2 protein chains.
Amino acid sequence: MPTRQQEKSRQTMEELMAAAMLLFSENGFAQTSIAEITARAGYAKGSFYRHWESKNQLFLQIVEQKLYEYRNVRDRRIEDAHDLEEALNIIWDFLESMALDRQWAKVFLEFTVHSARDMELRTEMRRRQYRLSESLFAKLVRRFVTSDYPAEKIGALNTALFEGYMVHNALETGVLNLHDVREAAIALALEKGIRQSG
Amino acid sequence: MPTRQQEKSRQTMEELMAAAMLLFSENGFAQTSIAEITARAGYAKGSFYRHWESKNQLFLQIVEQKLYEYRNVRDRRIEDAHDLEEALNIIWDFLESMALDRQWAKVFLEFTVHSARDMELRTEMRRRQYRLSESLFAKLVRRFVTSDYPAEKIGALNTALFEGYMVHNALETGVLNLHDVREAAIALALEKGIRQSG
DNA sequence: GTCATATTGTGACCATCGGTCATTTTCAGG
DNA sequence: CCTGAAAATGACCGATGGTCACAATATGAC
């Protein structure tokens, strides 16, 4: 059982996380300073580093918390899928739940691209299943793929369409909506995964 | 005709640009400081601001220079296209030429996402045709679209697949190659653009 | 209660960043 | 030469992510 001190520490951490989530979604990852986060929660800057070793680590923890429930639902539902189309729809339900909060979707994308220059961070992200990786996607749908088109590529194409839509959305060009992308991605995956390729 | 001083100024600018291009492609946009650029070219930091008003402006100028020739070739070739497939292949030749230099593709993507928080910068990028916007894409292919699926959406889906691939590539996951994406994007566009939808 | 100890909280400090600007250096034209 | 204009400089500014010696506070043995 936690001591009173540990309890206090946990509460401080949660207050800092709450402030950070608010500021990240309002102003983005790069534009949110650690001093802002601690000030918003009523602490001094130094307190931040009692709980996380960097802004990256805080962000990873927030994402982990945000995605935990979604992922469980997805993985539970996908076991009951009967064909590729059903599996894809379950995956896209999950992807949509991420994209629907436009502010957060923007921050997700920002962090994904930010990680491109930091191999350690990318490794950490893979470990925490931050992105729907190609291998994970492949694992989810492989049993339904009847063509000789690799399941990893089907996954990667779907992820590409999703993340490309995230860029489109972040730039607020507004031509595509989620339904368009989902429909196109599933059509593409069915074409590749069911029909025999050339 | 330029005076010797103007000539010197132009040369300094080119030296700074050359240093910047090298450093951007090596370390990315955010990770390259103005002091690094000027030091590499053998000048003091203040010299930078005689030629550009910000790091963003320098980057836009570099991109403009890099894309100018590619764009001309694309727009000249596309006038001779006879159907949607030909037009799409010409556009994807252009997109591939951008993606082939993996280092620069990474920087392009970084800057695109960086611009998501800066409306003025996005406006400037549109003005300079930094991205293959949906409206430009639509203009290039509209005359070949026979279905009732909006040309803008076909363009946006292609751009999404391309930029999603850029993300994929930046993270070095390595499952997809350019050929996979191009083939899938063109198949998708033909499906939407030629066959009657719904 | 008291006091040594362990934990939590603090904010001055550091190097670095993009950007500014008064000052110095360079150089063309008379 | 001399002078005015243009080019080059680097100290300086506020802000950043991150560090760390120190202050405040809670804990457990007595």
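None of the values given here were measured: they were computed from a predicted structure. Reminder, nothing fancy here: chain letters follow the sequence lines and each chain counts from 1.
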For C:dT8, does either OP1 or OP2 sit under 4.0 Å from a side-chain N or O belonging to A:Thr12? no

Can you name the nearest heavy-atom pair linking A:Thr112 to A:Arg131, along with the distance? CG2-CD, 3.9 Å

Residues A:Asn27 and B:Arg117: side-chain donor-acceptor under 3.5 angstrom: no

Just by distance, no angles: are the side chains of A:Gln11 and A:Glu15 close enough, under 3.5 Å, to form a donor-acceptor pair? yes

Roughly how far apart are A:Asp83 CG and A:Arg143 CZ, rounded to 0.5 Å? 10.0 Å

At their closest point, which heavy atom of A:Leu161 faces which heavy atom of B:Leu188, and how far apart are they? CD1-CD2, 4.4 Å

B:Tyr43 side chain: which of D:dA8, D:dA7, C:dG9 is closest? D:dA8

Mind running a 4.0 Å heavy-atom check of residues 29-42 of chain A against DNA chain D and sending the residues that fall below it, in number order? A:Thr32, A:Ser33, A:Ile34

Starting from C1' on D:dG17, measure out to CH2 on A:Trp52 and report it in whole angstrom. 15 Å

Can you establish whether the number of heavy atoms outside A:Lys66 located under 6.0 Å from its atom NZ is more than 12? yes

Base-contact (B) and sugar-phosphate-only (S) positions in nucleotides 19-28 of chain D, heavy-atom cut-off under 4.0 Å, - elsewhere: B------SS-

Are the side chain of B:Glu36 and the backbone of B:Ser33 linked by a donor-acceptor contact shorter than 3.5 Å? yes

Rounding to an integer number of Å, can you tell me how far A:Asn56 CG sits from D:dG17 P? 11 Å

For B:Asn89 and B:Glu85, indicate whether the former's side chain and the latter's backbone hold a donor-acceptor pair under 3.5 Å. yes

Without swapping roles, check the side chain of A:Glu110 against the backbone of A:Ala30 for a donor-acceptor pair under 3.5 Å. yes

For residues 10-50 of chain B, which residue pairs qualify under ring pair (Phe, Tyr, Trp, His ring centres under 6.0 Å), counting only residues two or more places apart or in two chains? B:Phe24-B:Phe29, B:Phe24-B:Phe59, B:Phe29-B:Phe59, B:Phe29-B:Phe111, B:Phe29-B:His114, B:Phe48-B:Trp52

Tell me whether the OP1 or OP2 atom of D:dG17 has a side-chain N or O from A:Ser54 closer than 4.0 Å. no

Is a donor from one side chain sitting under 3.5 angstrom from an acceptor on the other, for B:Glu163 and A:His168? no

Round to the nearest Å and state the distance from A:Asn27 atom CG to D:dT16 atom P. 11 Å

Whole-Å distance between D:dA6 P and B:His51 NE2? 14 Å

Can you pull out every ring pair (Phe, Tyr, Trp, His ring centres under 6.0 Å) where at least one residue sits in residues 60-94 of chain A? Sequence neighbours excluded, please. A:Trp92-A:Phe162

Closer than 4.0 Å, any side-chain N/O of A:Lys8 to the OP1 or OP2 of C:dT8? no

Rounded to whole Å, CE of B:Met13 lies from P of D:dA8 at a distance of 12 Å

Give the rounded distance in Å between these two atoms: CZ of B:Phe48 and C1' of D:dA7. 16 Å

Using a heavy-atom distance cut-off of less than 4.0 Å, which residues of residues 114-128 of chain B contact DNA chain C? none

Per the end-axis method with five pairs at each terminus, what is the bend angle of the helix from C:dG1-D:dC30 to C:dG30-D:dC1, to 10°? 10°

Please examine the side chains of A:His51 and A:Ser9, heavy atoms only from C-beta on, and report whether any two atoms are closer than 4.5 Å. yes

Where the side chain of B:Lys55 meets the backbone of B:Thr32, is there a donor-acceptor pair that is under 3.5 Å apart? yes

